[in-house]
Asks: 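The structure under discussion is supplied below as structure tokens; questions concerning it will follow.
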Number of protein chains: 2
Amino acid sequence: MTDLFVPLDDHPAYRQIANVIEERIVGRSLRTGDALPSETDLARQFGVNRSTIREAIRELETHGLLGRARGEKRLRVTRPEPRRVSSSVSRALALHDVTFLELWEAMMAIEPVAAQYAAARRTAAQLQALLRAAARFRREVADTTAAVSAVVEFFTAVAAASGNQVLALSQAPLNLLLAPALTRMIDRVPQARARIHEAQDNITEAIKLRRSEQARTWMEKHIRDFKRGHELELTASLTEI
Amino acid sequence: MTDLFVPLDDHPAYRQIANVIEERIVGRSLRTGDALPSETDLARQFGVNRSTIREAIRELETHGLLGRARGEKRLRVTRPEPRRVSSSVSRALALHDVTFLELWEAMMAIEPVAAQYAAARRTAAQLQALLRAAARFRREVADTTAAVSAVVEFFTAVAAASGNQVLALSQAPLNLLLAPALTRMIDRVPQARARIHEAQDNITEAIKLRRSEQARTWMEKHIRDFKRGHELELTASLTEI
DNA sequence: AGTGGCAAAATTGTCCAACAGTCCGATTAT
DNA sequence: ATAATCGGACTGTTGGACAATTTTGCCACT
């Protein structure tokens, strides 16, 4: 049951100011790249103290709407980077104690589709990124942390190659959740590394040759493997006690 | 190509403090519902000024990790609500100028799967929510804004009934993006309302009877309709000029 | 013992003033 | 023109202050 009436509590000045500035940004009246007035200036314009402005700004900064380039002082309007926002989503999910099965089902829904579109639309540069990620996995297969991060990079590259920002942004949080689960699995299931390697090759090849259907089905198999690997890991960790 | 050397900056005190507190929360050493120490106290513990603490807190608050119940003064540890975090995702996507096609492809990947699981796992209460949403659409079909919001509610209810938090959270941002597109469409394409009504009935029925496959395919048809509707709307808006 | 009410203490929201460090632009020196 | 220099403008952070409101501890009353 959703409430009929709600807060009206947004009162604090810093939140109101944050909202006003946010509206300006999403309404494009402040455009990406524009520099924000100085804090002192904003304080004057809004008729509040600089401390209040700072709290408001902090809010927009963590939303990724404001940011500054390395070593720059002035804040500028930024487009929220997928990494930033997705990390906040996966933190939320982690706090909600999602199970591996939930994660897996979501991956199963998204990744194959992403692979399919990637095969159809990938650019040469995106293919290169994919090849690099696969190569990195092969190269660092012995180092668990590096290998896991290479797997994540691979999925990210596929999603990026799909040419669909929504899919990419939906997929990004899954990666961050996958990492810890994958780390355990890859250490406990001996054949995991070889299977991942093989799957990445097949997927990359299909995307390279622009075979949408193959890319999709290979990715499906790849993700299915994760579930098998996870089950194997569970039994392994049971017998090892 | 990753850079060889990077950060070395980005350590404002308020950010460090935010990170420390965040780690405590994610690491469960501060548990959901716990009240945070007062700002003055935190300032003392961290050895910084209260203003600095406030900026740090603002950051965690916008991440949804801290919050306070209506009319409460003290901050307490909160679990990030899907609504909050998904709205930040969809704001990000909006700023990236996603196309309707991108949105549609993502919906096509997620919604049918959600419907499928919903049929398998929905509880009685979740079914009720679904029925209510469908009823609301029927009832308010004449009022565009209300109708659109009922459609969003329907999708949300399906996702919730899927019993998969990851799917639900991946789906939520799509809703918010859908709303504006749907509003235009529903006004310009006469048959849209009837088709939505019919689709909702079929989907609800399948979920009620726990027919996974039917739920999935009906949802697929439903989403496909959106694309047709969108194309119709484009031609309509062209001829109308 | 339990409950209600009330005043005191604590806490948040906001403000003011200040200072060190640093980035930027203009000016000056090479 | 390029390089070095200087002053001003900003940000990060601090200290202290005050009104409004919430929380708490206490006391009387049932």
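Scope of the values below: all heavy atoms of this structure, side chains included, with no hydrogens, waters or symmetry mates. Predicted model, so just to flag it, every value in this text is computed and none were measured. Labels below follow one simple rule: chain letters A, B, ... track the order of the sequence lines, proteins then strands, and each chain is numbered from 1.
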Asks: Can you list every ring-ring contact (aromatic ring centres under 6.0 Å, His included) pair that touches residues 75-101 of chain B, not counting sequence neighbours?
Replies: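 Pairs touching residues 75-101 of chain B that pass the test: B:Phe100-B:His230.
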
Asks: Applying side chain to side chain donor-acceptor pair (under 3.5 Å), which residue pairs with at least one partner in residues 23-37 of chain A are found, sequence neighbours left out?
Replies: A:Arg28-B:Asp97

Asks: Under 4.0 Å from a heavy atom of chain A: give me the 5'-most and 3'-most nucleotides of DNA chain D that qualify.
Replies: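 Here the contact window of chain A covers D:dC10 to D:dT13.
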
Asks: So, using salt bridge (charged side-chain N to carboxylate O under 4.0 Å, His left out) as the criterion, who are the partners of A:Arg91 when residues are at least two apart?
Replies: B:Glu22

Asks: A:His222: which residues meet the ring-ring contact (aromatic ring centres under 6.0 Å, His included) condition with it, sequence neighbours left out?
Replies: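 Partners of A:His222 under the ring-ring contact (aromatic ring centres under 6.0 Å, His included) test: A:Phe155, A:Phe226.
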
Asks: Which atoms of nucleotides 11-14 of chain C (N or O only) lie under 3.5 Å from a protein N or O atom, and what are those distances?
Replies:
from, atom 1, to, atom 2, distance (Å)
C:dT11, O2, B:Lys73, NZ, 2.8
C:dT12, OP2, B:Glu39, N, 3.1
C:dG13, OP1, B:Arg68, NH2, 3.2
C:dG13, OP2, B:Arg54, NH2, 2.4
C:dG13, O5', B:Arg54, NH2, 3.3
C:dG13, N7, B:Arg50, NH2, 3.4
C:dG13, O6, B:Arg50, NH2, 2.8
C:dT14, OP1, A:Ala13, N, 2.6
C:dT14, OP2, A:Ala13, N, 3.2
C:dT14, O4, B:Arg50, NH2, 2.9

Asks: Keeping to residues at least two apart or across chains, list the salt bridge (Lys or Arg N to Asp or Glu O under 4.0 Å) pairs with something in residues 162-171 of chain B.
Replies: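 Qualifying pairs, neighbours excluded: none.
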
Asks: Show me the donor-acceptor pairs within less than 3.5 Å that the side chains of residues 173-186 of chain B make with the rest of the protein, sequence neighbours left out.
Replies:
from, atom 1, to, atom 2, distance (Å)
B:Asn175, OD1, B:Gln171, NE2, 3.0
B:Asn175, ND2, B:Thr156, OG1, 3.0
B:Thr183, OG1, B:Ala179, O, 2.8

Asks: Sequence neighbours left out, what passes side-chain hydrogen bond (donor to acceptor under 3.5 Å, both in side chains) with B:Glu140? Give chain and number order.
Replies: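 Testing B:Glu140 for side-chain hydrogen bond (donor to acceptor under 3.5 Å, both in side chains), a comparison that skips the adjacent residues, returns B:Arg136.
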
